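Nothing fancy with the numbering, it's 1 onward along the sequence. Since we're looking at a predicted model, the values are computed, not measured.
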Amino acid sequence: MQEILTKAGCFIAIILMGYLLRKKGFFKEGDFQILSGIVLKITLPAAIVASFAGKEIDASMLSISALGLGFGLVYMTVMYVLNCRSSRERQAFEVLNCSGYNIGNFTLPFVQSFLGPVGVITTSLFDTGNAFICLGLSYSAASAIKGGEGGFPIKNMVRSLLKSLPFDCYIIMTVLSMARISLPAPVQSFAATIGNANVFMAMLMIGVGFKLSGDRKQLGTIVRILSVRYGLAIAASFLCYFLLPFPLEVRQALSILVFSPIGSAAPAFTADLKGDVGLASAVNSISIICSIICMVTVLSIVL
């Protein structure tokens with residue numbers, strides 16, 4: 001328990017450091033994009049390659065990807081039903097800002113430190129399905145609900161997925177692992193060296209980008225969205241840990257994954273739909289705090 005709290009405290013300290021450095025002017029507003037580019041295009045792909053290297057994946061584990069997609073669809077459906085009597089704008093906002101998981105930038109570094117290679121592989125497979133929600137389906141649904149023109153064509157979603165380097169790494173490394181093909185040792189060593197920096201860079205990036213810009217009058221909306229989000233996460237965590245037919249290490253990872261923060265692309269998509277970006281940013285940032293608390297709690301129970 002002490003080790004878990006110590007590591008979690010280090011994560012929070014790095015996030016806080018990034019936030020304070022931005023407040024003090026060390027990091028500028030645009031530096032978040034630079035840090036994000038380093039994480040998404042360098043350290044995260046390297047961490048994925050290093051975690052998959054030398055590991056074999058059974059075909060039955062591909063169902064984990066379906067879970068990532070399925071849970072996202074559940075969030076979207078529940079928020080739509082709960083808001084069936086609300087305005088189209090509110091329906092669209094809550095469907096978009098309650099679904100999807102921020103796994104690559106937040107949960108994968110977390111799992112990388114606590115659960116090792118099996119946990120990272122489980123996380124990667126889960127995020128492969130989750131990517132469809134975060135990079136297209138939630139936006140498409142919100143656009144259709146609001147009455148947007150043309151929604152979000154499937155070809156645009158596929159293009160976004162293929163342009164995502166982490167997603168490409170997930171697919172390539174999954175195929176190689178299933179085919180029992182190992183990367184050369186120098187490549188594995190190179191990826192591991194860079195991947196070791198992913199935890200620090202991802203947490204620093206989150207701190208630099210952390211914002212609470214929502215109006216206090218909108219507190220009720222924030223509480224409602226997060227209550228539904230984490231209420232469903234508790235149910236999903238019990239399902240994953242006690243009922244799914246996977247090895248213990250996989251079930252441990254899944255029971256933590258479902259407490260991941262809301263997808264980081266949600267505020268950007270909200271802006272594209274002419275929604276309340278300040279509220280979306282507040283919901284997204286507060287979900288990070290909630291997720292840290294929930295994930296540390298679950299870790300202390302399942303490990």
Side-chain angles (χ1 to χ4, degrees), residues 1-12 14-15 39 44 47-48 50-52 55 57 61-72 74-75 98-131 133-134 166 170 195 198-200 202-203 206 226-264 284 286-303:
M1 179 64 176
Q2 183 176 355
E3 182 182 357
I4 292 173
L5 291 176
T6 300
K7 285 187 177 181
C10 291
F11 284 178
I12 295 171
I14 295 171
I15 292 173
V39 170
L44 176 56
I48 293 169
S51 297
F52 272 84
K55 306 298 185 302
I57 296 179
M61 289 187 69
L62 294 179
S63 58
I64 294 173
S65 297
L67 287 174
L69 174 63
F71 286 146
V74 168
Y75 285 122
C98 188
S99 56
Y101 297 103
N102 182 358
I103 289 179
N105 292 338
F106 181 85
T107 309
L108 188 57
F110 208 88
V111 170
Q112 188 180 355
S113 291
F114 287 104
L115 300 182
V118 174
V120 173
I121 290 174
T122 301
T123 303
S124 300
L125 291 172
F126 187 89
D127 197 25
T128 302
N130 169 65
I133 299 292
C134 292
Y170 289 151
N198 186 57
V199 174
F200 172 75
M203 295 300 114
I206 289 171
L226 295 180
S227 295
V228 172
R229 170 83 178 194
Y230 290 97
L232 290 174
I234 291 172
S237 184
F238 272 94
L239 168 67
C240 291
Y241 190 78
F242 292 107
L243 299 180
L244 294 184
F246 293 116
L248 177 60
E249 289 177 291
V250 174
R251 289 185 284 114
Q252 287 174 331
L254 289 173
S255 66
I256 295 166
L257 281 173
V258 294
F259 288 105
S260 300
I262 295 167
S264 57
N284 205 274
I286 294 173
S287 78
I288 292 174
I289 299 173
C290 294
S291 291
I292 290 174
I293 295 171
C294 292
M295 292 168 76
V296 169
T297 302
V298 175
L299 274 168
S300 66
I301 294 172
V302 302
L303 291 186

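- Minimum interatomic distance between Asn198 and Leu44 (heavy atoms only, all atoms of both residues): OD1-N, 3.2 Å.
- Looking only at distances, a side-chain donor or acceptor of Ser287 sits under 3.5 Å from a matching main-chain atom of Ile262.
- Closest of all the heavy-atom pairs between Leu125 and Met61 is CD1-O, 3.7 Å.
- The nearest pair of heavy atoms linking Val302 to Gln252 is O-NE2, 2.8 Å.
- Within the structure, side chain to side chain donor-acceptor pair (under 3.5 Å) pairs that include any residue of residues 63-72 do not occur (at least two apart or interchain).
- In this view, Leu244 and Leu67, Cys240, Phe246, Leu254 satisfy the side-chain contact (heavy atoms from CB on, under 4.5 Å) rule, not counting sequence neighbours.
- The CD1 atom of Ile133 sits 5.0 Å away from atom CG of Leu69, with the distance rounded to the nearest 0.5 Å.
- In plain terms, the two heavy atoms of Val258 and Tyr75 that are nearest each other are O-OH, 3.9 Å.
- Once rounded to the nearest 0.5 Å, the distance linking CD1 of Ile301 with CD1 of Ile256 reads 10.0 Å.
- For the ring-ring contact (aromatic ring centres under 6.0 Å, His included) test with Tyr101, the passing option among Phe126, Phe259, Phe71 is Phe126; the others fail.
- Of all heavy-atom pairs between Tyr230 and Ser291, the closest is OH-OG, 2.7 Å.
- Once rounded to the nearest 0.5 Å, the distance linking OG1 of Thr123 with CD1 of Ile48 reads 10.0 Å.
- The distance from the CZ atom of Phe11 to the CD1 atom of Ile206 is 9.5 Å, given to the nearest 0.5 Å.
- Residues satisfying the side chain to side chain donor-acceptor pair (under 3.5 Å) test with Asp127, not counting sequence neighbours, are Asn130, Tyr170.
- Evaluation of the side-chain contact (heavy atoms from CB on, under 4.5 Å) rule for Val120 yields Ser51, Leu108, Val111, Gln112, Ser124 as partners, not counting sequence neighbours.
- The shortest heavy-atom contact between Cys134 and Gly263 is SG-CA, 4.3 Å.
- Here the CZ atom belonging to Arg251 is positioned 9.5 Å from the CG atom belonging to Leu243, to the nearest 0.5 angstrom.
- Applying the side-chain contact (heavy atoms from CB on, under 4.5 Å) criterion to Asn102, with sequence neighbours excluded, gives Asn105, Phe106, Pro261, Ser264.
- Shown here are the side-chain contact (heavy atoms from CB on, under 4.5 Å) partners of Ile12, two or more places apart in sequence or in another chain: Ile292.
- To the nearest 0.5 Å, the span separating CD on Glu249 from OG1 on Thr122 amounts to 8.0 Å.
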